[in-house]
Number of protein chains: 2
Amino acid sequence: MGDSGGARDGRTRKAARLIDVARLADVSRATAARALGGYGVVTQETREKVAEAAKALDYRVNDLARSMRSGKTLTIGVVVADISNSFTLNSIRGIIDASGSAGYQSLVLNTDGDVRREREAVRVLREKRVDGLLIVPASRLDVGHLAGGRGHGAPVVLFDRFIDDLPLDSVVTADFEASRAAVNLFVEHGHRRIGLLLGTAAHHGHQDSEPHDTVSAVRERARGALAGFADAGLAVNPSWVRYAGSVAPTALAAARHLLSQSPRPTAILAGNEEMLLGALAAAEEIGLAIGRDLSLIGFDDAPWLAVFRPPLSVIQRPTYELGRRAVSLLLSKVGGNRRSESIVLPATLINRASVASISDH
Amino acid sequence: MGDSGGARDGRTRKAARLIDVARLADVSRATAARALGGYGVVTQETREKVAEAAKALDYRVNDLARSMRSGKTLTIGVVVADISNSFTLNSIRGIIDASGSAGYQSLVLNTDGDVRREREAVRVLREKRVDGLLIVPASRLDVGHLAGGRGHGAPVVLFDRFIDDLPLDSVVTADFEASRAAVNLFVEHGHRRIGLLLGTAAHHGHQDSEPHDTVSAVRERARGALAGFADAGLAVNPSWVRYAGSVAPTALAAARHLLSQSPRPTAILAGNEEMLLGALAAAEEIGLAIGRDLSLIGFDDAPWLAVFRPPLSVIQRPTYELGRRAVSLLLSKVGGNRRSESIVLPATLINRASVASISDH
DNA sequence: TTGGCAAAAGAGATCGATCTCATTGGGTGT
DNA sequence: ACACCCAATGAGATCGATCTCTTTTGCCAA
């Protein structure tokens with residue numbers, strides 16, 4: 001009320017600082033900090049006095065100042081190539097939950113698979129002095145920004161994808177084995193013309209050969225499928241293999257291309273959700289019934305698969321758990337653990353009803 | 001190499017600070033700052049000398065210190081109730097793009113519709129001194145944390161939901177009108193038994209009356225539907241109205257409940273993606289064909305709808321644009337604009353093939 | 001009464017970048 | 001030759017919380 005116009009009248013002027021609380025409680029900053037921070041020795045009476053003042057001024061610590069002093073931000077940066085697919089989304093849930101219960105905030109940035117944005121994101125996060133970085137790298141080759149420069153010690157853990165020549169810790173799925181198992185399943189059902197629809201960075205078009213810069217997850221899936229072909233003594237037919245940017249129109253175009261071959265594949269392994277959607281759309285266009293005229297296996301389970309008919313067979317990855325493991329590994333490194341580690345979790349092939357048996361071969 | 005063990009040998013010890021750059025370039029901190037920051041007056045020669053030193057030491061500014069000094073973090077906080085649905089996801093895209101091109105980072109936190117987590121998220125973001133907050137509030141009643149306390153001036157813009165008694169700016173969809181239009185469409189096709197499946201906070205069960213704490217978006221949709229009933233002179237049948245927590249099992253249970261009424265509704269308006277999935281699953285269980293035995297309209301378009309058969313009619317909200325507008329409004333307030341504003345964007349009813357005509361009534 | 005000692009509280013430095021306000025220097029005009 | 005001015009740079013303060021290192025206070029025993 002009768003505040004005589006000091007700099008901070010506690011009304012709406014400025015946020016209260018520790019020193020304002022100290023003044024109101026008539027103690028020093030050090031004492032106020034002790035009382036609020038619950039360390040050192042403070043009288044019960046003083047503690048209450050300070051608490052009261054803090055409440056009266058609606059005091060909130062300035063985390064910037066605190067981080068500055070402590071050198072820790074209790075924040076990890078998460079850089080993902082694509083937030084919108086089910087895999088990433090669930091993983092992020094795991095990441096947020098795990099980091100949250102360890103007292104860390106997560107700063108999630110999306111790059112849409114663009115290395116430039118990724119570089120920028122990493123720079124910003126390092127400038128914000130995050131304590132650690134979890135990265136789904138967009139590129140296999142352009143990786144200079146991943147390993148922190150001199151002294152930029154914030155540890156890095158790669159998520160879902162590893163980089164061959166970079167000794168960075170990673171948490172990934174056993175994509176090779178999953179892909180191979182899918183092909184094996186097709187083969188067991190009599191398929192010998194098996195198509196591969198592999199999703200790459202969104203800005204790519206579609207083509208039959210592996211793009212120069214393909215991330216490990218996609219490579220592993222391609223290699224796994226090839227291993228599956230080899231298991232069955234099948235030769236690879238390049239016109240049944242398609243790499244496509246992970247965006248609806250491109251996926252559709254690539255799927256159309258696959259299905260317009262003659263002979264056309266009788267089965268398709270779709271490398272991600274977009275590819276699966278593209279394959280479904282293209283199949284429908286030319287009147288192929290899934291699970292009868294065309295067999296299909298996709299990567300990653302999604303909510304809508306529960307209502308899609310026929311029920312689609314998919315490779316289910318332990319998304320949430322991957323996220324948790326990645327955080328746990330990252331935080332152990334934040335804590336000083338120097339041991340390098342690469343975690344690989346297995347995927348599960350869930351065969352529902354989109355793989356048909358072929359009698360004649 | 002022959003570094004004589006100073007505190008910072010530039011190898012892997014500590015991140016270089018401005019003062020390290022200044023020392024190496026043999027200038028003062030002030031000059032180094034000027035050279036790097038591109039302000040004030042500096043000789044071309046000095047500028048290069050400093051740039052060289054910065055590069056040699058791999059210098060990165062410490063954003064904490066900078067923000068501390070400037071009082072700005074160039075960061076906005078985004079608190080959403082549920083990242084995983086298509087609506088939020090697309091909106092976040094719009095938010096990130098818009099804020100990014102205005103030079104702001106976005107800090108996205110997810111609350112899963114839990115007010116406690118929301119309060120915590122807002123507290124953390126305020127402590128991190130974000131310049132503004134974009135919030136999808138989880139509750140209509142527990143809102144004390146939304147209006148920043150005294151002096152915590154970071155402006156707040158509500159997203160997708162408004163709070164009746166709180167004079168906060170908001171950016172929302174015309175849910176009332178959209179919902180009414182959907183009901184009108186049902187009515188035009190001869191439907192007189194119209195079910196409502198409204199999604200609420202994830203932790204709720206399902207019930208026929210409006211939960212005490214229902215966010216504006218859901219309320220508006222309910223009211224809009226009721227208005228649609230009134231337009232047609234239809235009475236409300238409470239057993240055709242179901243409020244359900246937005247999580248798969250609950251949505252399914254609620255949908256089952258709706259469809260087990262007798263007489264059962266011939267049309268259902270599903271309040272969000274989960275409700276739509278629940279309705280589809282429940283309809284399939286009892287062998288109702290969508291677009292023939294049961295008509296259906298959902299809220300929000302999603303990628304999988306492109307391949308679902310029959311094509312489902314949905315209310316499409318301008319998700320991306322909503323995000324952009326919200327950021328633009330928020331940043332104008334960050335910039336000092338005091339004018340209060342509420343933006344309402346219209347939704348579009350896309351009628352595909354899930355609304356059947358009923359001949360007899 | 002006074003020494004001694006522990007409990008409680010205060011003073012001041014620190015984190016790193018930025019910015020205001022000097023200060024230095026070289027040059028020019030008369 | 002001297003004053004003056006401007007370009008270029010440096011010194012030091014500032015942002016706010018924390019923490020170490022004093023300093024003060026209070027209490028008890030001798």
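Residue numbering restarts at 1 for every chain, and letters A, B, ... go by the order of the sequence lines.
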So, is [X] close to the [N] phosphate, meaning a side-chain N or O under 4.0 Å from OP1 or OP2?
X        : N       : answer
Thr46(B) : dT9(D)  : yes
Ser70(A) : dT18(D) : no
Arg69(A) : dT14(C) : no
Thr43(B) : dT9(D)  : yes
Tyr59(A) : dA17(D) : yes
Ser28(A) : dA9(C)  : no

Determine the contact category for Val41(A): base if any of its heavy atoms lies under 4.0 Å from a base atom, sugar-phosphate if only primed atoms, P, OP1 or OP2 are that close, otherwise nothing.
->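 Sugar-phosphate only.
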Can you tell which of [options] lies closest to the side chain of [X]?
X        : options                   : value
Arg17(B) : dA17(C), dG10(C), dT9(D)  : dA17(C)
Ala30(B) : dG16(C), dA11(D), dT18(C) : dA11(D)
Met68(B) : dC19(D), dA17(D), dG16(C) : dG16(C)

Should Arg116(B) and Asp142(B) count as an ion pair when the cut-off is N to O under 4.0 Å?
-> no
Is any side-chain N of the basic residue among Arg93(B) and Asp112(A) closer than 4.0 Å to the acidic one's carboxylate O?
-> yes
Rounded distance in Å - CG (Leu36(B)) to P (dC19(C)) | 13 Å
Among Val78(A), Ile76(A), Leu109(A), the one residue meeting side-chain contact (heavy atoms from CB on, under 4.5 Å) with Leu125(A) |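 In the set Val78(A), Ile76(A), Leu109(A), the residue that makes a side-chain contact (heavy atoms from CB on, under 4.5 Å) with Leu125(A) is Leu109(A).
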Do Asp213(A) and Ser139(A) pass the side-chain hydrogen bond (donor to acceptor under 3.5 Å, both in side chains) test, and can you show the C-alpha distance, the side-chain angles, and the key distance before you say yes or no?
-> CA-CA 6 Å; Asp213(A) 188 354; Ser139(A) 164; 2.4 Å; yes
DNA chain C: 5'-proximal contact among Ala33(B) and Asp26(A) (nearest heavy atom) = Asp26(A)
